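The structure appears right after this line, and notes come after that.
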There are 2 protein chains.
Amino acid sequence: MKNKEIQERRMRGYFMQATKELLKGEGLRSINVRSIADQAGYSYATLYNYFRDVKELVFLCVTDFQEECTAEIMQKVKKTPRGIERIRAITKAYIGYFVQYPSVFNLFFVEKLGDLGQKQPAASLIFTFLDRLCASEWDYCIENGITDENSASLIKQELNFVSCGMLLFYMNRIQPAGYIEFMGMVDLQLNSILNRCGTETN
Amino acid sequence: MKNKEIQERRMRGYFMQATKELLKGEGLRSINVRSIADQAGYSYATLYNYFRDVKELVFLCVTDFQEECTAEIMQKVKKTPRGIERIRAITKAYIGYFVQYPSVFNLFFVEKLGDLGQKQPAASLIFTFLDRLCASEWDYCIENGITDENSASLIKQELNFVSCGMLLFYMNRIQPAGYIEFMGMVDLQLNSILNRCGTETN
DNA sequence: AAAATTAATTAACAATGTTAATTATATTAC
DNA sequence: GTAATATAATTAACATTGTTAATTAATTTT
């Protein structure tokens, strides 16, 4: 039955589209079975014919957002010189994307998504996201002797944690207060971390 | 009416005690008006005679936990040599406390606590917590020329963000998988950040 | 001790997630 | 092409949780 498969995929798509619109617009707060179904133009119970529960549906948006985010970032940094410079640009753009879509940040890093069955794959998908975005640039740096593998691996982690930490404080606690100050702090932190590359081996 | 005040304080205390027990035991998941009231030995509606809502009650536990955490840390590090060494120890103990009580971490850093009226004070209370724990040691470092104010301020922020980021990943995404690996990573990161002190000015 | 006040409890309602029962739609057999 | 069947979608219903209103119990005041 090919038709059935196509139709089912289409239906899932409608609900996912609706969920993504709501997430980007009103945010996670506004997400509930009824609002999603409304947005999709169906009754709330119909959703359960295509998804185990509302968490599965929301979770599926993660992959979509990651792809979108990746595209946006790569577009933004393609003119930046390769190496450390581009790693800095990617990380800034990565942070910028989450500032633009706070609910995506919450979805990725904050929400525990309950006891979602496929928790572990999603977890590593998220944990390695920035690493994957920067992977080829780190390779470039190592190949060109700009840094070595050991310090690269440390700094990768540090970028990951610091980015996430800054975002968490900014989003959740409104600290620092404004976007300008926040991005200023981001610059300082990224400089501090990335300036260490190649200058010495700790 | 002095009695009334005493009684009211006592009642608030009962509910707070109950909430803290639940938080530390079952975690935030298990927190709801009825479970708190049960634990306290009252009906759920009674709670509303003493607290605006359940969020206020939960929020009040933050301060209590901070005090407890501070005491535990200071006890732990009192024999560590002052300066960078002790900053490292405090930060490790700080991370250790949250690993011990994951729900306190959630409460502090993850939960948005809705549109809590007193949001801002709580926010800065949390944001500055590690800084306050380390404040006198940083002063010590600056006074003794171990580091200067500029790099101290950068590194303070970095410690704050990295700690929070590592915890977020570990708690939320089970990454890295085990406690031993996690604490190993913590050591590496703290070394990397703190080794920069005084060796050079970036 | 009766009246009045205060505190505590039960009842009730609203929002949300989820499942069961019912209705509408589409597919298949003749 | 229509009746029987299968599938999909909807409404109804129930569970959980937060919150407020109405009622009952307790305490205080006179």
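Values in this document were obtained by computation on a predicted structure and should not be read as measured data.
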Discussion item. How would you summarise protein contacts on nucleotides 8-22 of chain C per nucleotide, using B for base, S for sugar-phosphate only and - for none, with heavy-atom distances below 4.0 Å?
Written reply: BBBBB---SBBBB--
Worksheet item: Are A/Tyr94 and A/Phe129 close enough that their ring centres sit under 6.0 Å apart?
Response: yes
Worksheet item: Can the ring centres of B/Phe15 and B/Tyr42 be said to be less than 6.0 Å apart?
Response: yes
Fill in: Distance, rounded to the nearest Å, where B/Gln7 contributes CD and D/dT27 contributes P
10 Å
Discussion item. Listing request: all salt bridge (Lys or Arg N to Asp or Glu O under 4.0 Å) pairs with a residue in residues 88-99 of chain A, at least two apart in sequence or in separate chains.
Written reply: A/Glu85-A/Arg88, A/Lys92-A/Asp187
Worksheet entry | Separation of D/dA9 P from A/Phe51 CZ (nearest whole Å) | 12 Å
Worksheet item: Taking B/Thr19 as the fixed residue, which of B/Leu60, B/Leu57, B/Asp64 is the one that meets the side-chain contact (heavy atoms from CB on, under 4.5 Å) rule?
Response: B/Leu57
Worksheet item: Is the charged tip of A/Arg34 near the ring of A/Tyr44: under 6.0 Å from the six-membered ring centre and within 45° of its axis?
Response: yes
Practice prompt. Find the distance B/Glu56:CD to D/dG18:C1' and express it as a whole number of Å.
Written response: 15 Å
Practice prompt. For A/Tyr101, check ring pair (Phe, Tyr, Trp, His ring centres under 6.0 Å) against everything at least two apart and list the hits.
Written response: A/Tyr97
Discussion item. In whole Å, I'd like the distance from the CZ atom of A/Arg12 to the C1' atom of D/dA9.
Written reply: 17 Å
